[in-house]
Protein chains: 2
Amino acid sequence: MARADEADRLDPLKAFRERFALPEGVIYLDGNSLGVLPAGLSAHMKDVVEQQWGERLVRGWNDAGWIDLPARVAGKIARLVGAKKDSVAVGDSTTINVFKVLSAALSLRPDRRVILSDRNNFPTDLYVADGLARLLGQGYELKLATADEMEDAIDENVAAVLLTEVDYRTGRRYDMAAMTKHIHDKGALAIWDLCHSAGAFPVHLDAAGADFAIGCGYKYLNGGPGAPAFLYIAERHVAHVAPALSGWMGHQTPFAFTENYTPADGIARMMVGTPPILSMSSLDRALDAFDGVDMALVREKSQQLCDRFIAEVEQRCPELELATPRDHDQRGSQVSFRHPEGYAVMQALIANGVIGDFRAPDILRFGMTPLYLSHADIVTAAEILERVMRERLWDQEIYRKRAKVT
Amino acid sequence: MARADEADRLDPLKAFRERFALPEGVIYLDGNSLGVLPAGLSAHMKDVVEQQWGERLVRGWNDAGWIDLPARVAGKIARLVGAKKDSVAVGDSTTINVFKVLSAALSLRPDRRVILSDRNNFPTDLYVADGLARLLGQGYELKLATADEMEDAIDENVAAVLLTEVDYRTGRRYDMAAMTKHIHDKGALAIWDLCHSAGAFPVHLDAAGADFAIGCGYKYLNGGPGAPAFLYIAERHVAHVAPALSGWMGHQTPFAFTENYTPADGIARMMVGTPPILSMSSLDRALDAFDGVDMALVREKSQQLCDRFIAEVEQRCPELELATPRDHDQRGSQVSFRHPEGYAVMQALIANGVIGDFRAPDILRFGMTPLYLSHADIVTAAEILERVMRERLWDQEIYRKRAKVT
C-alpha cells in the first residue's frame, strides 16, 4: 500500500477526482459499463429542466441553443477520438448508429455482399449486422471470425469489417491502424466500435485511416444511463453517403418542411429525429470533465492501475484466471478474470463495496477510470476481493440468484 | 370575457392546471410542438440524477428499475391511445419508429412494393419512407396523394399507407376507423402517426383496427424536449414481425450475450439499444399528469377552446384566413390561420406574450391543451393577436428575421 500511496502522491491526474460526485463507501470499477456522475451535472440538469424547458418552453430550441446541442457535443467527442469536428455526429443509441454506418459502408461497396465481424463482438453489433443483411436480402450476409482469424478472413467479397477495438469481455485490444491498413489492402472498409475506447485512452481515428466508427456516451464518457451515442465518418466519405435512416434533422433545410429529402451537406445528414435534449444536455455537461485532460496521461495511469490490479489479484487470489492480455499494448482500460462462479463472486464483491460487473459465461470485469480512481483504491479493491475469495463469501444462495441485468 | 369566465367556472378539468409548472406572463398555445413542464418533474429528475445514477450507479438498472422503465412508460401511453399494454413500445425518436413500423409492414406484404402517404404529411415520415424504399431497391417506391385523393390512390400495389391522423399544418383530421377499413379492403396495412393525437383526444387504435402506429412523447404528452417516442403494433401482427433494427434490447435474452439474434416474444422485440434513462424518466413522470383524466372531457374542452378561438379571431382579425376545418369532427386539437406575413406576425405575438408557432409557408398555428389552458386564456390570446394585427406590431424587421428553428 505504501507504494500505491506514493504513486498517488505523484499522480498528475489526481486533481481530476474532484470533477466527479462519487458515492461514499464504494470503489467503483464499472465505469466501463456506466460512468459516474460528474460534479455539477445535477445543477446543470435543474437549469435545463426548470429554466430552459419550464420557462423558455419551445423557445429553447433557439434561445437555449438546443438545435445546435448535438453538434456542440460532437465537437467535444471529436477531440477525444482523434477526429475532425465535422466527422462526428451525436444522437440515437450505439445500436442505431451501427445500423447507420454499416448501411452507409455497404452503399460504398455495392459489388460486395459480406459484412465481416468478430465472433466475440458485443452482441448488439452482430444483431444489427444480421438484421441489416436480412433486410437487404440479395445475398447479403454476416460472417464471423475470431480475432486471430480476422486478417485471413477478409477476402474480395467483404464490403465492411465491423470490429470493436476493445473486447468487452476480455479487454483485448485490436491494433486499429494495422488492422485498418489490412482491411483497406483487401478493398474493404473499416468500421470501429469505440464503446470501450472513447474516453478510456487516446483514439486516433483520422490518423488510423478508419472509415467509420461508433461509440457510447455512457461508459467512459460519463454521460448518464443510456446517454446518446456517436458516430464518425471519415471526411472523404461523408459526401458520398446517402443515409438509410433519412430523417428531418439530417435534411439540408429541416424547417423548410419540403416534400423531398435532400441530405445536409456534411455529417449532419446522419442526424435522424428530434434529439433527446435532457439526455443530450447531460452528456454535454459530462464531457466538460475532460477539459484540459491529457489523454496520454490517462492511458499511462490506466496501464499502471491495470498492472497493479493484475499483480495484486494474482498474488492474493490464485483461483482467479486472468482473461486480459498481460501485454500493455494489447488491452484497453479493463482487467478481467475468469471464475466458474463468477456471477456469485461479483455479487459478493459488490455487497462488500467494490463494484465491477459480470459477463457471461464466467467473466469478472473491472474497468479502470484514471480520472477518478487512485492507486490506493486498486489495492483496497484487491484486498476485498481476496477476502471474498478466501472466506468464500460468494458461496451463498443470494449471490447466485441472477438479477434481470447482469 | 364574461362567458369565458363562466365556462371556466364550470370547467370539469380546471383543477388539472395545477399539475403543470407554467411560466408567468405567457399564454402558451404551442403544447402541440413542445408540451409544458409538469409540476414535480424537476424534483423527480433530481432524484434520478443524484440518487438513482449518482448513488446507485450501475446498480440502478436493477435497483431503480431502469431496465423496466420503457415498458412501464408504454403501459401509461397504451391507455391514452386505446391499445393493449403489450402492443406499445417506447424508445428512440418518432422518425426511427417510422422506420421500424414501416419496414415491419412491408415484410408482411412481400408481394407489394408501394408505400402510400399524404403529400402533406410531416416531412420526416416522407423522408424515412423514401429512404427505406431506396435502401431496399427492387422496385420499392413512395407514392404521394392528397387527403382528398387518398382513398382512390390505394390499389393492389400498395403495401402500407402511412398517414398522420392530424395534419400538422392545418389540423385536419382523418377518420381513422373509416380510412383503416378502406385500406384493409384494398389489402394494405394502415400505419397511423399519432404525433398530434396522443394526449390531445381519445385515440382508439385497437377499436379502429389499426395495424401500426407511432407517436411523439414531447408534444401533448409533455415528456420534455426530444422525449422518447412510441410505436404500436396490433396484437395480431407482433409475432410475425422480424425487426429490421434488431438490437440487443429487443433480444429474447439480452444478458445471455448470445451470438445469434432471437427476437423477444412480444412487443419488446421492437426495442433496439440502451434506453436514454434521463429522457425516459422525464416522460414517465410527465405521463402521471394524465392520471385519472377522462380523455372524452379533454376532447370536449378542446373543441370548445378551438371554437372559441376561431370565433374570437375571425371577429377581431378579418385579415387572417382560417386554415383549419370548421367542423369539429374533422380537426385535431389545434387552430391554424394563414397570413402572407405569418412568420413576422407570430414573432410579434410571441413578443407580446402569446406563444404559438409558424409553419412554412404561411401558417400561424395554435395548439389547444385543455389540461392547462382556460377559456379566459383563449380570449386574452385573441385580444393580443387583434392588437398585433390592428397596430401592425408585426411590421418590423426584427420580426422578419428567421431564427434557425421556426
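In what follows, chains are A, B, ... by sequence order, proteins preceding strands, each numbered from 1.
- Residue contact with chain B, scored on non-hydrogen atoms closer than 4.5 Å, is absent for Gln52(A).
- With chain A as partner, the option from Asp92(B), Asn260(B), Asp357(B) having the largest number of non-hydrogen pairs under 4.5 angstrom is Asn260(B).
- Only the backbone of Asn222(B) comes within contact range of chain A, with heavy atoms under 4.5 Å apart.
- Both the backbone and the side chain of Thr258(A) come within less than 4.5 Å of a heavy atom of chain B.
- Using a 4.5 Å heavy-atom cutoff, the side chains of Leu135(A) and Leu135(B) are in contact.
- Options Gly247(A), Pro38(A), Ser42(A) differ in how many heavy-atom pairs under 4.5 Å they form with chain B, and the most are formed by Ser42(A).
- The minimum heavy-atom distance linking Tyr127(A) with Phe257(B) is given by the pair OH-C, 4.3 Å.
- With a threshold of 4.5 angstrom between heavy atoms, Val26(A) approaches chain B through side-chain atoms but not through N, CA, C or O.
- For a residue to count as touching a neighbouring chain, one of its non-hydrogen atoms must lie under 4.5 Å from one of that chain's; by this rule Asp118(A) does not touch chain B.
- Highest contact tally toward chain A, considering only Gly60(B), Ala21(B), Ala360(B), Gly273(B), is held by Gly273(B) [criterion: heavy-atom pairs under 4.5 Å].
- When each of Ile350(A), Asn120(A), Val98(A), Leu136(A) is checked for heavy-atom pairs under 4.5 Å with chain B, Leu136(A) comes out on top.
- Counting heavy atoms from C-beta on, the side chains of Trp248(A) and Thr94(B) never come closer than 4.5 Å.
- Residues Leu41(A) and Trp53(B) form a side-chain contact, since some pair of their non-hydrogen atoms from C-beta on lies under 4.5 Å apart.
- Among Arg169(A), Gln138(A), Met280(A), the residue with the largest count of heavy-atom pairs under 4.5 Å with chain B is Gln138(A).
- Each of Asp130(B), Leu126(B), Ile96(B) has some count of heavy-atom pairs under 4.5 Å with chain A, and the biggest count is that of Ile96(B).
- Each of Asn97(A), Val36(A), Leu132(A) has some count of heavy-atom pairs under 4.5 Å with chain B, and the biggest count is that of Val36(A).
- If you tally non-hydrogen atom pairs under 4.5 Å between each of Gly131(B), Ser281(B), Pro276(B), Ser93(B) and chain A, the highest count goes to Pro276(B).
- With a threshold of 4.5 angstrom between heavy atoms, Leu106(A) does not approach chain B through any atom at all.
- Taking OG of Ser33(B) as the reference point, atom CZ of Arg59(A) lies at 12.5 Å (rounded to 0.5 Å).
- Ranked by non-hydrogen atom pairs under 4.5 Å with chain B, the options Leu57(A), Asn121(A), Ile67(A), Leu245(A) are led by Leu57(A).
- Your options are Glu50(B), Met45(B), Arg56(B), Glu24(B), and the one with the most heavy-atom pairs under 4.5 Å with chain A is Glu50(B).
- Heavy atoms closer than 4.5 Å to chain B are found nowhere in Arg402(A), neither backbone nor side chain.
- The two residues Ala242(A) and Arg134(B) have their closest heavy-atom pair at CB-NH1, 4.1 Å.
- Nearest heavy atoms, Val405(B) versus Asn62(A): O-ND2, 2.8 Å.
- The part of Ile355(A) that comes within reach of chain B is its side chain, from C-beta onward, which places non-hydrogen atoms under 4.5 angstrom from that chain.
- The contact between Ala244(A) and chain B is made by backbone and side chain atoms together, counting heavy-atom distances below 4.5 Å.
- Only the side chain of Phe99(A) comes within less than 4.5 Å of a heavy atom in chain B; its backbone stays farther off.
- Taking Pro225(A), Gly226(A), Cys216(A) one by one and counting their heavy-atom pairs under 4.5 Å with chain B, the maximum is reached by Pro225(A).
- For the options Tyr28(B), Trp66(B), Trp61(B), Phe20(B), heavy-atom pairs under 4.5 Å to chain A are most numerous at Tyr28(B).
- The contact between Tyr168(A) and chain B is made entirely by side chain atoms (from C-beta outward), counting heavy-atom distances below 4.5 Å.
- With a 4.5 Å cut-off on non-hydrogen atoms, Pro228(A) does not touch chain B at all.
- When side chains are defined from C-beta on, Lys46(A) does not count as touching Lys46(B), because their heavy atoms never get closer than 4.5 Å.
- For Ser279(A), the parts lying near chain B are the backbone and the side chain together; criterion is any non-hydrogen pair under 4.5 Å.
- When side chains are defined from C-beta on, Lys404(A) counts as touching Asp68(B), because their heavy atoms get closer than 4.5 Å.
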